[in-house]
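Remember, predicted model here, so these are calculated numbers, not experimental data.
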Amino acid sequence: MIYDPASSNPLAGNPLKTLRDMRRALADLFDPLLPYFSEGNARVRIDGAAAHFDRAAADLEGFARPLWGLAPLGAGGGDFRHWDRYAEGLANGVDPQHPEYWGTVNGRDQRMVELAALGFALALVPEKIWEPLDQRARDNLITYLKHARTFDYADNNWKFFRIFVDIALDRLGATFDRSLTETYLSELDGFYIADGWYRDGNVRRIDHYIPFAMHFYGLIYSKLVDDDRAERYRERAALFARDFRHWFAPDGATIPFGRSLTYRFACAGFWSALAFANVEALPWGEIKGLCLRHLRWWADKPIAHRDGTLPIGFAYPNLLMSENYNSAGSPYWAFKAFLPLALPETHPFWTAEEKPPENEPAIIPQKHPGMVLLRSRDDVVALSSGQENQQMRFGAEKYSKFAYSARYGFSVESDERIFTGGAFDSMLAFSDDGLHYRVRETNEEAKLAGDTLYAKWSPYPDVTVETWLMPASPWHIRLHRITTPRPLQTAEGGFAIARRDFEADTLSSATGSAYAIGEEDFSGILDLGSTITREGIAQKAPPNTNLIVAKTLVPQLRGTIPVGETILVSAVLAEKDPTAIDHAWNRPPAKPDIDALYALINSKGITVSAIKAPGRLP
C-alpha cells in the first residue's frame, strides 16, 4: 500500500451533514492533540516550528484555540471527556509559581489573542473550567485577565479580544474598569465602512478577517450581551451575508485571499456565528449549506499530519505560505467553524434542508473589497483591483494579484531571484536584470465602473502601469498600459492547475499563447493584440508554491517592453474541463478599446473602499 496523505485527514469519511457528524468531526480533530498536552495540561506544543513570539505564548495558543469549538460543544450538551485537563491547565497556566505558567503580559502580546478564547469559554461554559477551580486558582485567573487588559491592543480586530475578556470578567462577578470596554467598542465601530463591510484596522485591505473576525466576534457579542450595539452587529452581519455568500463556489470552496489562510475552515465561521446568534440573514437552509459544504470541501484534502494534527498550510502542509505569527497551534482557529454545536438539535440550522444559494448572478461587482466575482458551475473567481499588505511575507501575492480562484487558489513565490522560473499566476512581473523581479504591491488608484476594474500602480518608482480587468465569461480580459524609461522583461501568468507525474499533462507554448491541460483542468492565456510580441510558455512552477496543490503548471506570456509606452492585452481562461481546448479556447473575447475604457472609468468609476487612505471612516 502507498500512503495517501488525505487518509490522515480527521474529516475523511465524515458526511458532515448533521449535529452528530459535526460533534464527531470536532472530536476527531481534537483527539490528536492529546499526546501534546504538557504534564500540567497548560501547554500544547505540537512541533518545533516557531513564530515570532515566545514559546510559552505559542504553547498557550495550542491550549486555547480548540476552545472556540469545545466551548460550544459543552454549551450544547455534547460529550467531551477532557474538561478536567482544561480546568487544570487553566489553573496552572495563570499560576506564577507553576513551571507551566504562561508568562506575564507586559505589552502588546500574543497572549492577548489567546485570552479571547478563554474569555469566550469562561462566559459560555463556566461550569466546565471555572467552577472546578479552587479559590487560589480563581484569584490567579482574575488577576491575570485584569492585568492583561490594561495594555494597549493592536488597532484592529484585536480590540475584540479585550472585550471578550471583559465579558468573562463581568460574568464571573469581577470588578474592572468598564470604560476601557466602551472605548474599544467605539473604536471598532470606526472600522465600519458600509453595507456590512469593515476594514480590519486603518489598513488598505479587506480580507477574510472581516467574516471570521470582525463579524464573528460581533455576532458572539450579540448573543452574550443585550444592548443596542449587539443589535447593530446583527444588522451589519445580515447585510454582509448577501455579499459574502458569493465568495463560495458550488462545491463549498471559498476564495483564498489575504493572510491567515492556515486557519482553513474558519472561513465558515461567519455562517456558524450567524447560527449561534440566531440571525437568519439568509434562509436557514442556505446558511447551513454554505457552512457544511465548506467543511465537506476540506474532507478529502491532505490537511493533516499522519498523527491527525493540523500543520501550517492550506490544502496541504506548507510553511512557505505562512505568516511570521503562525505557530504550530495557529491552525486550530479552524475550530471557529463549530459554533453551531452550541445549538439544540431542534434549531432551524439543524432541521432545515441544505439549499444552494438561489438566483446567483454570474457576475457580481463588489465595490468595498474592489472585486468583480465571476461565478460558474465549478468555480468562483474574484477579479481584484488590488489591495495592500507590505508588512507581511508574500503580501503582494496574497493581496495584489489580478485574480483569485476558489478552485485554483493562488501561488506564493519561493525565490526572489528566479524571474525565469517564477509562477506569477494572475500577476504581471517585471525584471530589469533577468534575475530579480517586481510585481504589483500597492495601488495609487483603484476604481470600479460597472463590472470593470481599474488600477494605477508602479512596480518601480520610474515605471507606471494602468490595469483594466474585465469579465468575459468563461474568460477574463486584462489590459495594461505601461510607461517606462528603460527596457524591461515581463512575464504574465494565467491560473495554476495541478501537475501530474510522468509528464502526463499536455503543454503548449507558442507565439502569443500558452496553455496546459491536466487531468481535470484546462488553463490558458492568449494575447489579444499587444503592441509587442510575447512568447507563450507553459511554466512548471516551483513546488509547494500554490495553496491548493503542491505541483502546478502556469501558462505565461513573456516579452521585453521597450522604452516609452506599451500596451499589453490578454485573455485568460481556466476551466474544470480538459476539453475546453476544443470549444471555449477557440472562442476568445474581442480586444477592448482602451479609449472607451478610459471614458468608462472617468465617467462612472468609483474609488474602491479598500484602497482609500487609512484613517477613521464615517
For the pair [X] (side chain) and [Y] (backbone), establish whether a donor and an acceptor sit closer than 3.5 Å, ignoring hydrogens and angles.
X	Y	answer
Glu413	Ala423	yes
Glu100	Gly40	yes
Lys288	Trp350	yes
Arg234	Lys223	no
Arg199	Ser609	yes
Gln387	Pro369	yes
His294	Ala253	no
Tyr404	Tyr399	yes
Thr262	Pro331	no
Arg111	Ala56	no

Quick one: are the ring centres of [X] and [Y] less than 6.0 Å apart?
X	Y	value
Phe216	Trp333	no
Tyr86	Trp130	no
His208	Phe270	no
Tyr153	Phe161	no

* To do: Please test Arg149 against Asp177 for salt bridge (charged side-chain N to carboxylate O under 4.0 Å, His left out), starting from the C-alpha separation and ending with a verdict.
  => CA-CA 10 Å; Arg149 69 182 296 278; Asp177 182 0; 5.7 Å; no
Specify whether Phe80 and Phe30 have parallel, tilted or perpendicular ring planes, treating 30° as the upper limit for parallel and 60° as the lower limit for perpendicular.
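Judged by the thresholds at 30° and 60°, the geometry between Phe80 and Phe30 is perpendicular.
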Looking only at side chains, do [X] and [Y] share a donor and an acceptor under 3.5 Å apart?
X	Y	result
Asn278	His347	yes
Ser411	Glu397	no
Lys336	Tyr217	yes
Asn157	Asp200	yes

Kindly compute the distance separating [atom1] ([X]) from [atom2] ([Y]), expressed to the nearest 0.5 Å.
X	Y	atom1	atom2	result
Asp170	Asp166	CG	CG	8.5 Å
Ile46	Ile312	CD1	CD1	9.0 Å
Ser272	Phe212	OG	CZ	13.0 Å
Thr309	Leu34	OG1	CG	12.0 Å
Phe160	Phe120	CZ	CZ	13.5 Å
Leu261	Leu547	CG	CG	6.0 Å

[X] versus [Y], closest heavy-atom pair with distance:
X	Y	answer
Ala241	Leu274	CB-CD1, 4.3 Å
Ala382	Met371	CB-SD, 3.8 Å
Arg229	Ser186	NH2-OG, 3.7 Å
Ala25	Leu11	CB-CD2, 3.6 Å
Ala337	Leu295	CB-CD2, 4.1 Å
Tyr184	Ile163	CB-CD1, 4.1 Å

A quick test of your reading: do over 12 heavy atoms of other residues, nucleotides or ligands sit less than 6.0 Å from [atom1] of [X]?
X	atom1	value
Glu231	CD	yes
Arg20	CZ	no
Asp134	CG	yes

Open item on the list: Check this for me: does any side-chain nitrogen of one of Asp155 and Lys159 sit under 4.0 Å from a carboxylate oxygen of the other?
Closed with: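 Lys159 and Asp155: salt-bridged.
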Determine whether [X] and [Y] make a side-chain contact, defined as any pair of heavy atoms from C-beta on separated by less than 4.5 Å.
X	Y	value
Met427	Arg440	no
Arg65	Ser330	yes
Phe349	Ile287	yes
Ile220	Ile167	no
Val113	Phe53	no
Leu292	Met22	yes
Asp109	Glu114	no
Ser8	Tyr3	yes

>> Before you tell me yes or no, could you show the steps for Thr104 and Asn106 under side chain to side chain donor-acceptor pair (under 3.5 Å), namely the whole-Å CA-CA distance, both residues' side-chain angles and the distance that decides it to 0.1 Å?
In response: CA-CA 6 Å; Thr104 303; Asn106 285 312; 5.1 Å; no
The residue among Phe240, Tyr209, Phe191 that forms ring pair (Phe, Tyr, Trp, His ring centres under 6.0 Å) with Trp197 is Phe240
inquiry  = Between Asn544 and Asn318, is the side chain to side chain donor-acceptor pair (under 3.5 Å) condition met? List the steps.
reply    = CA-CA 7 Å; Asn544 307 312; Asn318 187 349; 5.7 Å; no
Using the six-membered ring of Tyr192, assess whether NZ or CZ of Arg236 lies under 6.0 Å from its centre and within 45 degrees of the ring axis.
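So Arg236 does make the cation-pi contact.
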Check your understanding: Checking Arg178 against Phe176: charged group under 6.0 Å from the ring centre and within 45 degrees of the axis?
Key -> yes
task = Begin with the C-alpha distance, continue with both residues' side-chain angles, and end with the deciding distance and a verdict on salt bridge (charged side-chain N to carboxylate O under 4.0 Å, His left out) for Arg232 and Glu235.
result = CA-CA 5 Å; Arg232 198 149 63 238; Glu235 292 170 355; over 6 Å; no
Handout entry: Working for side chain to side chain contact (heavy atoms under 4.5 Å, CB included), residues Phe37 and Arg85
Key = CA-CA 9 Å; Phe37 274 74; Arg85 283 181 180 263; 3.4 Å; yes
Practice task
Any chance you could lay out the salt bridge (charged side-chain N to carboxylate O under 4.0 Å, His left out) test for Asp21 and Arg296, step after step, and finish with the verdict?
Solution key: CA-CA 11 Å; Asp21 295 339; Arg296 289 197 290 269; over 6 Å; no
Practice task
Could you go through the side chain to side chain donor-acceptor pair (under 3.5 Å) check for Asp227 and Tyr221 one step at a time?
Solution key: CA-CA 10 Å; Asp227 63 10; Tyr221 180 98; 2.6 Å; yes
(Q) Before you tell me yes or no, could you show the steps for Arg393 and Glu323 under salt bridge (charged side-chain N to carboxylate O under 4.0 Å, His left out), namely the whole-Å CA-CA distance, both residues' side-chain angles and the distance that decides it to 0.1 Å? (A) CA-CA 6 Å; Arg393 184 168 53 186; Glu323 283 78 36; over 6 Å; no
